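Below, each value reflects all heavy atoms present in this structure, side chains not excepted, and no hydrogens, waters or symmetry copies. In this text, all values refer to a predicted model and were calculated from it rather than measured experimentally.
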Amino acid sequence: MISERIRVRFAPSPTGYLHIGSARTALFNWLFARRHGGVFVLRIEDTDEQRNKTEALAAIFEGLRWLGLDPDEGPEQGGAYGPYFQSERGPTYAEAVKQLERSDGIYPCFCTKERLAQRREQRGGGGDASWHYDGHCRALPAAEVAERLAAGEPYTWRLKIPRPGATTFNDLIHGPTTVDHADVEDLILVRADGTPTYNFAVVIDDHLMAITHVIRGQDHLTNSFKQVLIYEALGWEVPAMGHISLILAPPPHTGKLSKRHGGAEIKEYQDKGYDPDGFVTWLAMIGWSFGKDEEKEPIAREELIANFDIANAGKANARMNPSKLNAISGRHIRAMPPAELARKIEPYLRAAGCLPPDAGEAALALIAECVQPRIDFFAQAPAIVDWAFKDPVYEPDALKALAGTAGAAEFLRAYAETLPAAFAAPADLESHARDFSTARALKFGAFAKAVRAALTGRLQTPPLFHCACLLGREETVRRIERAAEVAAGGKA
RNA sequence: GGCCCCAUCGUCUAGUCCGGUUAGGACGCAGGGCUCUCAUCCCUGAAGCAGGAGUUCAAAUCUCCUUGGGGUCACCA
């Protein structure tokens, strides 16, 4: 039944967004599959939340697409082990129930939700959350069971966990992991309405989909014990299981990263324009490493795959560290062909009004050149050149540079007059400017500072002559003349 | 609280399985270089084995305890 080929799955429930932890689980599964020539399956666990199904699904699909984690089988691409929506797999569960009934692996439980809640309350005066089902209905005489069944009394099916006993499985990451059955209750497999509970459905789905390796977050560890018990009750082969560490919330917060901490949704990173490959590298480096020293060059996806080993995944939880993401993403951006970067930042520039409709390829290329060493994600691009698209507002330091530099008004006017008739390359403007400052015995640095202030209103900008080219001759002259007036006024 | 998992610089980690290293790298931080500013890039530096016992000639590494962190305890997934 179990195929020879490695098969892993990513099984998110559609909550409306893709959590960063889920994405990392997907990534580890994907890397594992790619590394071993296996199959990466996407299964949607949608048995509970039916609302906003389309929208919630889109978030998962789009998130995976952005990350470049393409499923081999799933709702979109189909496959031989469908359906890939858990909600459509209902009929397959009944058979497993029958099998367990025959093998005496389960028993009907007539306890009401009310009785269970009450018991939970009583135990430890309401403070003890560790109450487990006491097995009340497991001890019921067969005759009484038959009678109540016949009477049509509502019931659930519970797993008859071997007592006493213990269960151990060899975790791919943690090694042998054990739990005593005394600490596991006879969990409900089938609800009173006949639907399977999560753990039961997962086991059946994974088995029927021939999943060989289950890789998921450590928060599923206790589920895994239960699921192993279910596999064993059914006499099915238990897949290999590995529990990856969790991502914890950044400093002021404690606990695992959640939506309320911010930065937990993949879409945020996509919207900000992080480089997807850089993002994937960052995700992979949380709780895993090559074993060799980290390189300063961007790490290619192929390299990630070639070196991936689930056994090297860290056991300890990791705290989220966005500054490292910035560094990695920036590294990828810097290594990008300029034309590609131009294409990526274009929508951000347009949205911010930093790229007029009539702007040509040349202007965009020039902006990309200015932006490339200065940003870590695309949304930072407009702020690098925004001064070019509105009248300069002189920052205090810039104002001081104009008003406080001796002779500024005079040399600015002279500079504007000698400017070449056409602005071609920044380098040409630079050599002209150097000649100009030399001829007038100006320190180039001081001269450039004043011109920079004049053109941009700021003291920190992209290279000065890139700025001038961006403005064009006419606007450059206009701004210099205006600044000269400010400089003159300041002196008076 | 019960059970389970975990513990190396501020953060992510290599080293732990098969005890012997100046405990390595990256991010961040500090200083310097390059330079028309900023940034990029390059160099340098500060910074760590949670604590305590035990085993051993020798412990980050093996054992135990403590402390700390995390997860999980539903007719949710």
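- Listed by chain and residue number, nothing satisfies the salt bridge (Lys or Arg N to Asp or Glu O under 4.0 Å) test with A:D435 (two or more places apart in sequence, or in another chain).
- Residues passing the side chain to side chain contact (heavy atoms under 4.5 Å, CB included) test with A:P298, sequence neighbours excluded: A:R331, A:H332, A:A335.
- Counting any heavy atom pair closer than 4.0 Å across all strands shown, A:R452 reaches a base atom.
- For a distance-only test at 3.5 Å, the side chain of A:D46 fails to qualify as a donor-acceptor partner of the base of B:A77.
- In this structure, the side chains of A:I20 and A:Y269 come closer than 4.5 Å at one or more pairs of heavy atoms.
- Judged by Watson-Crick or G-U wobble contacts below 3.5 Å, the nucleotide B:A23 has no partner.
- For B:G33 and B:A39, the C1' atoms lie 15 Å apart once the distance is rounded to whole Å.
- Residue A:P462 is classed as a base contact, given a heavy-atom separation below 4.0 Å to a base.
- When the salt bridge (Lys or Arg N to Asp or Glu O under 4.0 Å) test is applied to A:R434, the partners found at least two apart in sequence or on another chain are A:E430.
- Remark: B:U56 base-pairs with no nucleotide in the shown strands. Criterion, Watson-Crick or G-U wobble with two distances under 3.5 Å.
- Residues A:R434 and A:C111 each lie close to RNA chain B; by heavy-atom proximity, the contact nearer the 5' end of the strand is made by A:R434.
- One N or O on the side chain of A:R24 and one on the backbone of A:I286 form a donor-acceptor pair closer than 3.5 Å.
- B:C34: no Watson-Crick or G-U partner with both key distances under 3.5 Å is found in any strand.
- Rounded to whole angstrom, the span from the CZ atom of A:R458 across to the C1' atom of B:A39 amounts to 13 Å.
- In this structure, B:A50 forms a base pair with B:U66, meeting either the Watson-Crick or the G-U wobble geometry with both donor-acceptor distances under 3.5 Å.
- Checking B:C4, B:C6, B:C75 against the side-chain heavy atoms of A:A316 singles out B:C6 as nearest.
- Heavy atoms of A:K315 sit under 4.0 angstrom from primed sugar atoms or phosphate atoms, though from no base atom.
- Within 4.0 Å (heavy atoms only), A:D193 reaches no atom of the nucleic acid at all.
- Within 4.0 Å (heavy atoms only), A:L459 reaches at least one base atom of the nucleic acid.
- Identified under the salt bridge (Lys or Arg N to Asp or Glu O under 4.0 Å) test for residues 443-462 of chain A, with sequence neighbours left out: A:D386-A:R458.
- When the C1' atom is compared between B:C42 and B:C34, the two are found 8 Å apart, to the nearest whole Å.
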Please write out the pairs of protein N or O atoms and N or O atoms of nucleotides 44-47 of chain B separated by less than 3.5 Å, giving the distance to one decimal.
none

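- Positionally, the nearest nucleotide of RNA chain B for A:T461 lies more toward the 5' end than for the other of A:K113 and A:T461.
- Of the P atoms belonging to B:C9 and B:G69, the separation is 16 Å, rounded to the nearest Å.
- The separation of B:A50 from B:A7, taken at their C1' atoms, amounts to 8 Å, rounded to a whole angstrom.
- For A:F308 and A:W288, the gap between ring centers is short of 6.0 Å.
- One can place CG of A:L325 at 18 Å from P of B:A26, the figure rounded to the nearest angstrom.
- Figure legend. B:U61 is base-paired to no nucleotide; pairs are counted as Watson-Crick or G-U wobble with both atom distances under 3.5 Å.
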Quick one: which protein N/O atoms are closer than 3.5 Å to N/O atoms of nucleotides 68-71 of chain B? Pair and distance per line, please.
unit_1: B:G70; atom_1: OP1; unit_2: A:G255; atom_2: N; d: 3.1
unit_1: B:G70; atom_1: O2'; unit_2: A:N317; atom_2: OD1; d: 2.8
unit_1: B:G71; atom_1: OP1; unit_2: A:K256; atom_2: N; d: 2.9

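- Partners of A:W157 by ring pair (Phe, Tyr, Trp, His ring centres under 6.0 Å), not counting sequence neighbours, listed by chain and number: A:Y155.
- What separates CG of A:N312 from P of B:C12 is a distance of 18 Å, to the nearest Å.
- The salt bridge (Lys or Arg N to Asp or Glu O under 4.0 Å) test applied to A:R334 returns A:D376, not counting sequence neighbours.
- Spacing between B:G54 and B:G45 at atom P, rounded to whole Å, works out to 38 Å.
- Scored by the ring pair (Phe, Tyr, Trp, His ring centres under 6.0 Å) test, A:F436 finds A:Y415, A:F447 as partners (sequence neighbours excluded).
- For A:E430, whose side chain is taken as the heavy atoms from C-beta onward, the closest listed nucleotide among B:A77, B:C12, B:C36 is B:C36.
- Side-chain atoms of A:Q372 come within 3.5 Å of backbone atoms of A:M336 as a donor-acceptor pair (strictly under, hydrogens ignored).
- Counting non-hydrogen atoms under 4.0 angstrom, A:R331 reaches the backbone sugars and phosphates but no base.
- Annotation: B:A59 and B:C64 have their C1' atoms spaced 15 Å apart (nearest Å).
- No contact: A:Q372 has no heavy atom under 4.0 Å from any strand.
- Looking at residues two or more places apart in sequence or on another chain, you find no ring pair (Phe, Tyr, Trp, His ring centres under 6.0 Å) involving A:F200.
- A:D186 places no side-chain N or O within 3.5 Å of a backbone atom of A:G135 that could act as its donor or acceptor partner.
- Comparing the P positions of B:U61 and B:G51 gives an interatomic distance of 11 Å, to the nearest angstrom.
- Annotation: B:U66 and B:C5 have their P atoms spaced 15 Å apart (nearest Å).
- Near RNA chain B, defined here as any heavy-atom distance below 4.0 Å, the residues from residues 166-184 of chain A are A:H174, A:T177, A:T178, A:V179, A:D183, listed numerically.
- Nucleotide B:G1 forms a Watson-Crick or G-U wobble pair with B:C73, both donor-acceptor distances falling under 3.5 Å.
- Residue contacts for A:G330: at a heavy-atom cut-off of 4.0 Å it reaches no nucleic acid atom on any strand shown.
- A:A318 comes within 4.0 angstrom of the backbone, heavy atoms only, and of no base.
- Straight-line distance from the CD1 atom of A:I384 to the C1' atom of B:A39: 8 Å, rounded to whole Å.
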If you look only at distance, which donor and acceptor atoms sit under 3.5 Å apart when one is on a side chain in residues 257-265 of chain A and the other is two or more places apart or in another chain?
unit_1: A:S258; atom_1: OG; unit_2: A:R260; atom_2: NE; d: 3.3
unit_1: A:H261; atom_1: ND1; unit_2: A:S258; atom_2: N; d: 2.9

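- Salt bridge status for A:E303 with A:R301: absent, with no side-chain N to carboxylate O gap under 4.0 Å.
- For A:D134 and B:C73, the CG to C1' distance is 16 Å, given to the nearest whole Å.
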